[in-house]
*Asks:* 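Below is the structure I would like to discuss, written out as structure tokens.
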Amino acid sequence: MSLPSPAPGAYDPHGLEAKWYARWLADGRFRADPTSDKPPYCIVIPPPNVTGSLHMGHALNNTLQDVLVRYKRMDGFETLWMPGTDHAGIATQNVVERMLAAEGTSREALGREAFLERVWRWKAESGGTILRQLHRLGASCDWERERFTMDEGLSVAVREIFCRLYDEGLIYRGDYITNWCTRCHTAISDLEVEHEEAEGRLWHLRYPLADGTGAVVVATTRPETMLGDTAVAVHPEDERYRGLVGKTLMLPLVGREIPVVADASVSAEFGTGAVKVTPSHDPNDFATGLRHDLPRVAVIGPDGRMTPAAGAYAGLDRGEARTRVVADLEAAGVLVKQEAHRHSVGHCYRCRTVIEPLVSRQWFVKIQPLADEALAAVRDGRTRILPEQWEKTYYHWMENIRDWCISRQIWWGHRIPAFTCTACGELTVARTDPDACPRCGAAALSQETDVLDTWFSSGLWPFSTLGWPEKTPELAKFYPTSCLVTGFDILFFWVARMMMLGLKGMGEVPFRDVYIHALVRDEHGQKMSKSKGNVIDPLEIIDRYGADAFRFTLAALAAQGRDVRLSADRVEGYQRFANKIWNAARFAGMNLGDLDPAAPEVPFAELAAQDRWVLTRLQATVEAVRAALDAYEFDKVAGSLYQFIWHEVCDWYLEMSKRPLLRTDAPTSRRGTQQTLVRVLDGVFRLLHPVMPFISEELWQGLPWPGSFGPRAPSLVVAAFPRPAGMPVDEAARARIELVQAAVSAIRNVRGEMNVPPARRVVALVQGDGTALAVLAAEAEAVSALAGLGSLEFLPADAPKPPQAALAVAPGLEIHLPLAGLIDLGEEARRLTK
RNA sequence: GGGCGGAUAGCUCAGCUGGGAGAGCGCCGGCCUUACAAGCCGGAGGUCGCAGGUUCGAGCCCUGUUCCGCCUACCA
């Protein structure tokens with residue numbers, strides 16, 4: 001017997017959390033065995049960035065995963081929760097570069113190799129921070145399997161999939177316009193661009209015809225790019241400009257002659273209906289340029305400064321250039337007017353710098369064939385996305401997807417396995433570094449300096465971590481994984497890519513379910529951010545309230561489709577809940593000391609009414625919690641547990657058990673209650689374990705003979721009430737639900753004894769049928785008499801609330817009603833009405 | 001521009017396929033009873049965003065509308 005001692009002492013989470021986590025690790029409780037006969041259950045962790053430290057998003061994400069994983073582990077599955085981290089290309093490079101800057105040096109000064117060595121060193125020191133922090137949360141990952149997107153095995157996987165895609169013609173290299181970050185000095189994908197509405201301007205510029213017969217006015221939000229204009233486009237159907245197509249304009253400030261072209265992409269309604277075309281600096285114009293075979297003049301360079309092609313403006317920053325160009329245009333009389341114009345501006349998601357569309361040589365994944373597969377897999381149900389609303393979002397994105405730019409001009413990442421022969425120019429992509437050019441045999445090969453988008457490697461995560469491309473037992477056992485738990489912010493970045501690459505690499509979806517959870521916000525609904533100063537540190541919360549209370553809070557707030565608004569008050573409330581449980585166990589400890597394990601078990605039918613009742617409620621709660629877990633309804637998991645444990649077990653059952661526990665003259669009744677108490681607490685601690693692992697383990701281990709003792713409620717009892725003649729089955733069943741509910745709520749009020757609230761009105765369903773009404777009234781009388789409740793008044797539909805006295809019950813009443821039967825009749829009847 | 005979500009008690013939210021408007025916290029009143037005052041019992045408080053419609057009956061279904069939030073997009 002080691003339940004908490006009766007001595008006064010409040011629940012203190014800290015010691016017990018550290019104690020149990022250490023023991024679980026020592027006992028290998030989180031280890032997964034691929035050779036096991038048990039059915040598999042596997043979740044791969046969304047690998048946190050090595051730059052990260054634990055924030056609320058991680059806390060929520062990992063709590064939900066741990067709840068699922070612990071549930072399945074308890075439920076007889078061979079369970080693997082695969083941990084690891086992501087190298088986070090640009091983010092990590094930026095962090096180390098900032099450190100170098102603080103030391104007065106730079107990555108350029110160090111050179112590629114020394115820089116990478118430095119990043120690896122930093123990663124070794126700081127890269128594991130977040131995973132260590134997950135221990136505090138109680139995360140039951142199989143830590144011995146921890147992987148890193150740039151470790152040896154995963155790098156092999158990256159290279160393998162790259163070569164496969166390349167061999168199949170699904171990866172290509174070419175000169176295209178991409179989103180360029182002038183600060184990070186790299187191309188980034190469309191997804192990595194964050195659009196923000198900004199107050200801009202629309203400048204109207206007059207471009208004169210070269211023959212001096214007139215002019216065309218164009219509108220632009222970026223006047224500095226006019227230096228790179230190589231055409232003006234109008235819509236082919238636009239009457240205003242029909243005569244101008246094919247004529248030549250004289251580009252102001254530059255003096256270049258540029259043509260007027262007709263292109264259907266131009267909207268006649270916007271601006272003046274004539275648009276300047278800058279193929280080098282605008283994605284639309286780039287496409288227009290290809291259609292009309294226009295030359296490209298790059299006037300802005302990779303560093304955001306004007307190139308020599310910008311003539312007098314060369315060397316200026318693009319911002320200064322704008323000011324100067326506008327001033328010069330105005331002086332030259334070219335500027336017709338300027339007006340305010342709201343439009344969205346793209347920013348680098350890593351450093352917030354305004355994105356510059358630039359033409360450069362990049363690598364792309366031809367995405368359509370992959371996207372088609374990934375779409376089909378969700379459409380035909382091989383993978384479910386939950387809550388369902390996200391499926392639509394997924395479809396929408398996948399259907400409008402564009403080729404994925406996967407090359408980055410940074411150093412930290414997987415270097416693209418492409419080699420160019422310096423002799424003949426042949427491009428070779430290979431699984432192992434080639435010694436010589438396969439075409440001309442020259443030994444002089446130079447490897448591509450670009451690295452891959454960080455999401456390329458994390459897109460392989462569900463199978464690369466299991467050993468792919470080798471055929472490992474882990475892969476055979478755990479792929480496809482069971483569920484992926486993540487936030488919607490990386491649905492496209494990560495989930496979509498895993499779908500596409502998983503189908504390509506494994507020929508099967510990477511996961512059966514994708515559960516998308518919400519964002520954690522502060523109590524006012526604001527996104528947490530350092531600048532707002534509203535960040536709540538998960539570790540501080542754990543220090544103050546304990547991991548169990550914190551986890552329970554997150555689960556309780558994780559209603560599907562809603563953001564999670566977290567406040568410390570809420571956590572405090574659930575800490576009180578943990579304390580309540582603690583004290584319930586103390587109460588049990590005070591009353592179970594003399595329970596003899598050899599004593600015969602009191603049969604269910606002979607237990608006192610409240611014992612049968614609570615066992616039935618336990619049974620119902622088990623089913624409710626299971627159903628909620630299976631449906632990822634974490635708020636309902638928490639809600640059911642809270643309601644049952646606090647308001648049914650503690651408020652009612654423990655109170656009612658005091659009388660039989662005190663009566664030494666009725667040993668059977670006392671023993672029955674003791675046995676029930678053990679059974680109920682055993683069930684409570686087990687049910688609680690996925691959400692509150694620490695306190696539940698502590699208290700469960702303290703129970704005498706946990707898990708193998710005490711009566712159980714039958715899973716279904718149907719009470720046989722005769723159907724009144726003339727009443728349709730359906731109506732009778734529904735009426736009985738009401739009747740039963742009324743009886744139950746009346747019985748609930750037994751404990752109140754002084755002030756009984758009005759009973760439920762049992763009449764709503766029965767309309768205008770006098771016979772049925774009379775039958776029900778009689779039945780109600782019978783039930784209440786049976787329950788010893790005195791007169792249960794039956795009222796017509798339009799009656800006011802029943803008088804309270806009608807339901808009052810004398811103190812000390814023994815209840816003989818077969819409660820279990822009644823409650824399960826309700827269940828059965830509900831089934832009948834379906 | 002397209003799409004999605006939200007609006008229910010002072011606050012945060014739950015309300016499944018249409019039949020009782022609910023929980024937690026906060027507030028008010030009363031209780032140290034074989035665990036827990038970090039507790040127990042009771043109470044007040046809502047035109048379910050607004051306007052129509054369908055229905056015997058609408059928080060829930062339909063139409064319109066307002067206000068928030070988010071995602072997405074190459075109208076310069």
Side-chain angles (χ1 to χ4, degrees), chain A residues 3-4 6 8-11 177 190-191 195 202-203 218-222 225 233 265-278 282-288 341 343-344 346 357 387 389-390 392-393 395-397 400 402 488-489 491-492 518-519 521 523-527 556-557 559 561-567 569-570 572-591 631 633 635-636 639 642-643 646-647 650-651 654-655 657-659 661-662 734 738 741 745 751-757 760-765 767-768 797 833-834:
Chain A
L3 283 173
Y11 157 65
I177 194 154
D190 293 340
L191 267 182
H195 294 274
L202 199 54
W203 284 269
V218 298
T220 181
T221 55
R222 303 195 54 200
T225 63
S265 70
V266 178
S267 155
E269 287 77 44
F270 188 86
T272 63
V275 54
K276 61 192 257 336
V277 181
T278 323
D282 182 277
N284 277 326
D285 296 0
F286 181 81
T288 308
H341 179 65
H343 64 140
S344 69
Q389 59 193 86
W390 291 107
K392 283 186 228 161
T393 312
Y395 290 144
H396 186 259
W397 189 73
N400 296 291
R402 299 198 300 166
F488 58 80
D489 49 332
L491 180 59
F492 306 135
L519 225 60
R521 298 174 177 277
E523 57 194 306
H524 307 295
Q526 297 288 309
K527 204 167 172 171
L557 293 176
R562 260 211 204 241
D563 286 339
V564 174
R565 296 200 185 186
L566 187 80
S567 69
D569 289 351
R570 202 70 193 244
E572 197 182 328
Y574 289 119
Q575 188 192 23
R576 283 204 279 270
F577 177 53
N579 186 57
K580 185 79 179 171
I581 296 164
W582 186 264
N583 282 301
R586 273 179 59 196
F587 172 79
M590 289 165 61
N591 287 289
E633 293 172 332
D635 57 322
K636 288 185 185 165
Y642 190 89
Q643 170 66 28
W646 197 312
H647 298 303
C650 292
D651 286 356
L654 293 187
E655 291 304 324
S657 73
K658 284 175 182 173
R659 205 183 316 260
L661 286 171
L662 278 173
R734 296 178 75 180
E738 295 293 323
Q741 286 176 343
S745 70
R751 68 194 156 116
E753 290 186 356
M754 339 167 247
N755 192 353
V756 181
R760 185 178 302 276
R761 295 165 69 177
V762 296
V763 290
L765 294 173
Q767 289 162 358
T833 57
K834 274 190 180 166

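Treat the numbers as computed from the prediction; the structure is a model and nothing was measured. Each chain gets a letter, A, B and so on, in the order the sequences are listed, and its residues count up from 1.
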*Asks:* Measuring only the P atom in each nucleotide, how far is B/G57 from B/G52? A whole number of Å is fine.
*Replies:* 16 Å

*Asks:* Measure the distance from CZ on A/F488 to C1' on B/C4 and round it to the nearest whole Å.
*Replies:* 11 Å

*Asks:* Mapping A/V275 and A/H195 to their closest nucleotides on RNA chain B, which lands nearer the 5' end?
*Replies:* A/H195

*Asks:* Taking CG from A/L661 and C1' from B/A35, how many angstroms apart are they, rounded to a whole number?
*Replies:* 12 Å

*Asks:* Which atom pair, heavy atoms only, marks the closest approach of A/K580 to A/W646?
*Replies:* CE-NE1, 3.5 Å

*Asks:* Looking only at side-chain atoms of A/R576, point me to the closest of B/C40, B/A76, B/A38.
*Replies:* B/A38

*Asks:* Return the minimal non-hydrogen interatomic distance between A/V266 and A/A233, and the atom names on each side.
*Replies:* CG2-CB, 3.7 Å

*Asks:* Could you grab the distance from atom CH2 of A/W203 to atom CZ of A/R222, nearest 0.5 Å is fine?
*Replies:* 10.5 Å

*Asks:* Compare all side-chain heavy atoms of A/V275 with those of A/V218 and state whether any distance is below 4.5 angstrom.
*Replies:* no

*Asks:* Can you check the A/K276 NZ to B/C75 C1' distance for me, whole Å?
*Replies:* 14 Å

*Asks:* Taking the C1' atom in each of B/C60 and B/U72, what is the distance between them to the nearest angstrom?
*Replies:* 30 Å

*Asks:* I need the NZ-P distance between A/K636 and B/A23, as an integer number of Å.
*Replies:* 18 Å

*Asks:* So which atom in A/A584 and which in A/L654 form the shortest heavy-atom distance, rounded to 0.1 Å?
*Replies:* CB-CD1, 3.8 Å

*Asks:* Atom CZ of A/F577 and atom P of B/C25: how far apart are they, to the nearest Å?
*Replies:* 12 Å

*Asks:* If I pick the P atom on B/C74 and the same atom on B/G19, what distance separates them, to the nearest angstrom?
*Replies:* 45 Å

*Asks:* Over all strands shown, is A/G273 touching base, sugar-phosphate only, or nothing at heavy-atom distances under 4.0 angstrom?
*Replies:* base

*Asks:* What I'd like to find out is whether the side chain of A/F587 reaches to under 4.5 Å of the side chain of A/S657, using heavy atoms alone.
*Replies:* yes

*Asks:* Give the rounded distance in Å between these two atoms: CG of A/L654 and C1' of B/G39.
*Replies:* 13 Å

*Asks:* Among B/G24, B/C36, B/A73, which nucleotide sits nearest the side chain of A/Y642?
*Replies:* B/G24

*Asks:* Kindly indicate whether the side chain of A/K392 and the base of B/C4 share any N or O donor-acceptor pair separated by less than 3.5 Å?
*Replies:* no

*Asks:* For the P atoms, the ones on B/U33 and on B/C40, what distance do you get once it is rounded to whole angstrom?
*Replies:* 15 Å

*Asks:* In whole Å, measure the gap between the P atoms of B/A23 and B/G43 for me.
*Replies:* 11 Å

*Asks:* Rounded off to whole Å, could you give me the CH2-to-C1' distance for the A/W390 and B/G5 pair?
*Replies:* 8 Å

*Asks:* Which nucleotide wins on minimum distance to the side chain of A/R586, given the candidates B/C71, B/A73, B/A35?
*Replies:* B/A35

*Asks:* If you check the A/F492 side chain, which of B/A35, B/C71, B/C41 turns out closest?
*Replies:* B/C71

*Asks:* Should A/H647 be listed as having a side-chain N or O under 4.0 Å from OP1 or OP2 of B/G24?
*Replies:* yes

*Asks:* Using a 4.5 Å cut-off on heavy atoms from C-beta on, say whether the side chain of A/H343 contacts that of A/L202.
*Replies:* no

*Asks:* Just compare B/A35, B/A76, B/C74 and give me whichever is closest to any side-chain atom of A/N284.
*Replies:* B/C74

*Asks:* So which atom in A/T272 and which in A/A219 form the shortest heavy-atom distance, rounded to 0.1 Å?
*Replies:* OG1-N, 4.1 Å

*Asks:* With no hydrogens and no angle check, do the side chains of A/R586 and A/N583 hold a donor and an acceptor under 3.5 Å apart?
*Replies:* yes

*Asks:* Which pair of non-hydrogen atoms, one from A/T288 and one from A/S265, has the smallest distance, and what is that distance?
*Replies:* OG1-OG, 4.1 Å

*Asks:* Which of the following nucleotides, B/C36, B/U72, B/G24, is nearest to the side chain of A/L191?
*Replies:* B/U72

*Asks:* For A/W646 and B/G24, is the shortest distance between a side-chain N/O and OP1 or OP2 below 4.0 Å?
*Replies:* no

*Asks:* Which of the following nucleotides, B/A76, B/A38, B/A35, is nearest to the side chain of A/S267?
*Replies:* B/A76

*Asks:* OP1 or OP2 of B/A76 sitting under 4.0 Å from any side-chain N/O of A/H341?
*Replies:* yes

*Asks:* Write down the distance separating the P atoms in B/U17 and B/U12, rounded off to the nearest Å.
*Replies:* 25 Å

*Asks:* Determine the interatomic distance between P on B/G64 and the same-named atom on B/G2; round to the nearest Å.
*Replies:* 14 Å

*Asks:* With sugar-phosphate meaning primed atoms plus P, OP1 and OP2, does A/V266 contact a base, only sugar-phosphate, or nothing at under 4.0 Å between heavy atoms?
*Replies:* base

*Asks:* Quick one: label A/D285 by what it contacts on the DNA or RNA (base, sugar-phosphate, nothing), any heavy atom closer than 4.0 Å.
*Replies:* nothing

*Asks:* Can you tell me which nucleotide in B/A76, B/A35, B/C70 comes closest to the side chain of A/A219?
*Replies:* B/A76

*Asks:* Separation of A/R222 atom CZ from B/C75 atom C1', in whole Å?
*Replies:* 16 Å

*Asks:* If you compare every side-chain N and O of A/R402 against the phosphate oxygens of B/C74 (OP1, OP2), does one of them come in below 4.0 Å?
*Replies:* yes

*Asks:* Could you tell me how far B/A21 sits from B/G59 if I compare only their C1' atoms? Round to whole Å.
*Replies:* 8 Å

*Asks:* What would the secondary structure line of RNA chain B be in dot-bracket form, counting Watson-Crick and G-U wobble pairs under 3.5 Å, with [ ] for pairs that cross earlier ones and | for pairs with another strand?
*Replies:* (((((((..((((.....[..)))).(((((.......))))).....(((((..]....))))))))))))....

